[in-house]
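Inspection log for the structure reproduced underneath, given as structure tokens.
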Amino acid sequence: MKIELSVNGEDQVFEIDPSEKLITVLRREGYKGTKIGCDEGHCGSCTVLLDGEPVLGCLLFAACADGHELITIEGLGTQENPHPLQTEFVDKGAVQCGYCIPGMLLSAKSLIDKNPDPSEEEIRRGLDGNYCRCTGYVKQVEATKSAAEKMRGDS
Amino acid sequence: MKNVKEFCYPETIEDAVEILAAGDVRSAIVAGSTDISRTKSKAVERLVDIKKVGLDYIKKVKGDLVIGATTTMSKIVASEEAASYASGLVVAVASEIGSTPLRNMITMGGNITQLRVWSDMPVALLALDARINTRGPAGENSYSAEELFAKHPGQVLDNGELVTEVVFPAERSEFKSAYIKVNKTDDSFATATVAVNLEVVDGVCEDARISVGAVGPRPSFCADASEKVSGSNIDEDVFVEAGKIARESTVTTDNVWGAADYKSTLVERLIPRALNDCV
């Protein structure tokens, strides 16, 4: 079957199997920034934004994305022009192995888009569902807070 | 889900019911996609996405809180209508389900029909005496929460019978509620859940409903413990006694989130704690 959707602002048509998961299709189509971690809905490394909200690509049938807007990590920023979240994650040392970071950044983006001045508790809730086995989360919370400040123009 | 050949998107409830009830191949409902997509069924040949049939709503109807079957947990958490009902019990339960991305996917209908040992939302339905409305080939039907969870909902609902909405009754809207969930970490499935809903009139607890979940094969309404509390004064001894009664009447089973005896102790201890939170 075919699905029509927008990925990172570009209209796409993908040929899929009706029972395929979104993560499988995205990676096959070249969006390899999105990672497969636990593959059963716990770790968050497959997180993408569906109509602006974080969802898990390992659980969502690709067919469910038909007619929707997706954002993957490839849609956040580039090497030359990184998103403020990406800059802050690097500057604050929030990235070690990096496997969880695509999901973590997209969750953070979704949060800041809706709530430009999140409290620490709101950030922890916003990043909830993204497991990082390297850092212990403190730096990612700090980086999200400071990116939000930069995006508001406070510093 | 190896043998799925078709994925369809009905746009009305009638179309969805017709497709689900058609006997040609085995169909399965998709809403949030969190549970069904992990099912390793070889029998299912058609997936039916019901997100477009118009069941995404939260509304107050004559004091009832009515939540459509495809409404996500995140929408419930953000809902003022839900927060103002029964001191926010439904919101309290929804906000502790899964993680943020999972709450963006998990739906009201899915969390009750795809019943698992750890399912959270059923305790809210039991404590609030909710009704579950359905539409099937035989027309509309309605179940009390106790009827729906007396067995696995899959055994109660007919083939092709679709849960359309959950109705939390107006009578309990102004009652106080409390919810306690015990789980090993924030993201773990529940070891035990307790929900309480009651009215306090002149220092007397009226019409109490106590329910427990995650401790046994199915969530349950604690009828005897609820009866013990109903009509009693706000009294710690009565609350402790209700916990003991519920411990006796609740079947608990071992699983990776806790041993049966530990869960029985949780039931006994959490019920007085939830009752105290309520009064």
Side-chain angles (χ1 to χ4, degrees), chain A residues 1-4 16-25 34 37-68 103-104 106-111 114-115 118 121-131 137, chain B residues 1-9 11 25-52 56 70 72-75 77-78 95-107 110 114 116 118 183-189:
Chain A
M1 64 182 287
K2 280 190 170 61
I3 55 169
E4 293 179 28
I16 63 161
D17 181 283
S19 64
E20 274 186 304
K21 308 297 161 47
L22 182 62
I23 182 74
T24 314
V25 174
T34 311
C38 69
D39 207 16
E40 55 178 25
H42 290 290
C43 79
S45 51
C46 63
T47 303
V48 294
L49 302 186
L50 182 80
D51 300 331
E53 300 292 340
V55 296
L56 300 175
C58 74
L59 293 182
L60 192 72
F61 286 116
C64 292
D66 181 59
H68 292 275
M104 194 81 75
L106 289 169
S107 288
K109 173 184 160 50
S110 172
L111 170 72
K114 286 175 288 186
N115 178 1
E121 196 184 326
E122 287 165 337
I123 293 173
R124 287 184 178 274
R125 180 90 172 168
L127 299 183
D128 174 26
N130 292 283
Y131 287 6
Y137 306 103
Chain B
M1 291 285 162
K2 272 183 183 169
N3 295 319
V4 173
K5 297 175 183 70
E6 188 190 350
F7 196 105
C8 54
Y9 311 85
E11 291 185 2
V25 297
R26 176 83 69 91
S27 298
I29 299 171
V30 179
S33 187
T34 59
D35 189 88
I36 191 73
S37 69
R38 290 179 63 190
T39 309
K40 306 241 184 301
S41 166
K42 286 182 185 166
V44 173
E45 294 186 36
R46 180 193 291 131
L47 294 170
V48 184
D49 186 330
I50 59 162
K51 295 279 272 192
K52 292 179 182 168
D56 181 7
T70 66
T72 63
M73 294 302 124
S74 294
K75 283 209 173 153
V77 171
S95 68
E96 290 193 41
I97 290 176
S99 60
T100 298
L102 283 168
R103 284 187 293 274
N104 288 335
M105 303 171 76
I106 293 171
T107 62
Q114 300 292 109
R116 302 283 176 182
W118 59 80
N183 49 353
K184 288 185 172 177
T185 76
D186 242 20
D187 278 350
S188 304
F189 292 124

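Source: prediction; values computed, not measured. Below, chains carry the letters A, B, ... as their sequence lines are ordered, and counting in each starts from 1. Any value given below was found using the heavy atoms of this structure, including those in side chains, with hydrogens, waters and symmetry copies removed.
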Taking the inter-plane angle between the rings of B/Phe189 and B/Trp118 on a 0 to 90° scale, is it parallel (under 30°), tilted (30 to 60°) or perpendicular (over 60°)?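 Rings of B/Phe189 and B/Trp118: parallel, as their planes differ by under 30°.
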Taking every non-hydrogen pair under 4.5 Å, which of B/Arg38, B/Arg46, B/Lys51 racks up the most with chain A?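 The candidate making the most pairs under 4.5 Å is B/Arg38.
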Pick from B/Thr34, B/Leu102, B/Asp49, B/Asp187 with the largest number of heavy-atom pairs that fall under 4.5 Å of chain A: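 Top count of heavy-atom pairs under 4.5 Å with chain A: B/Asp187.
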Identify the two heavy atoms, one from [X] and one from [Y], that lie closest to each other, and give their separation to 0.1 Å.
{"X": "B/Thr107", "Y": "B/Ala31", "result": "OG1-CB, 3.8 Å"}
{"X": "A/Gly103", "Y": "A/Thr47", "result": "CA-CB, 3.7 Å"}
{"X": "B/Arg103", "Y": "A/Asp128", "result": "NH2-OD2, 3.2 Å"}

Interchain contact, B/Ser188 with chain A, by part (heavy-atom threshold 4.5 Å):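 Neither part, no heavy atoms under 4.5 Å.
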Which region of B/Met105, side chain (C-beta onward) or backbone (N, CA, C, O), has a non-hydrogen atom less than 4.5 Å from a non-hydrogen atom of chain A, or is it both or neither?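 Side chain of B/Met105 only, per the 4.5 Å heavy-atom cut-off to chain A.
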Given the options [options], which has more heavy-atom pairs under 4.5 Å with chain B than any of the others?
{"options": "A/Gly129, A/Pro54, A/Gly44", "answer": "A/Pro54"}
{"options": "A/Ala63, A/Cys58, A/Ser110", "answer": "A/Ala63"}
{"options": "A/Cys64, A/Gly67, A/Gly41", "answer": "A/Cys64"}
{"options": "A/Met1, A/Arg125, A/Glu40", "answer": "A/Arg125"}

Enclosure of B/Asp186 CG (heavy-atom neighbours >12, cutoff 6.0 Å):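 At most 12 heavy atoms, drawn from other residues, nucleotides or ligands, come within 6.0 Å of this atom.
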Any carboxylate oxygen within less than 4.0 angstrom of a Lys/Arg side-chain nitrogen, looking at A/Lys114 and A/Glu122?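 Here A/Lys114 does not pair with A/Glu122 in a salt bridge, since their nearest N and O are not under 4.0 Å apart.
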Please state whether the side chain, the backbone, both or neither of A/Leu106 comes within less than 4.5 Å of a heavy atom of chain B.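 The answer is neither part of A/Leu106.
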Would you say the side chains of B/Ser74 and B/Asn104 form a donor-acceptor pair under 3.5 Å?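 Their side chains do contain a donor-acceptor pair, which is all the 3.5 Å distance test asks for.
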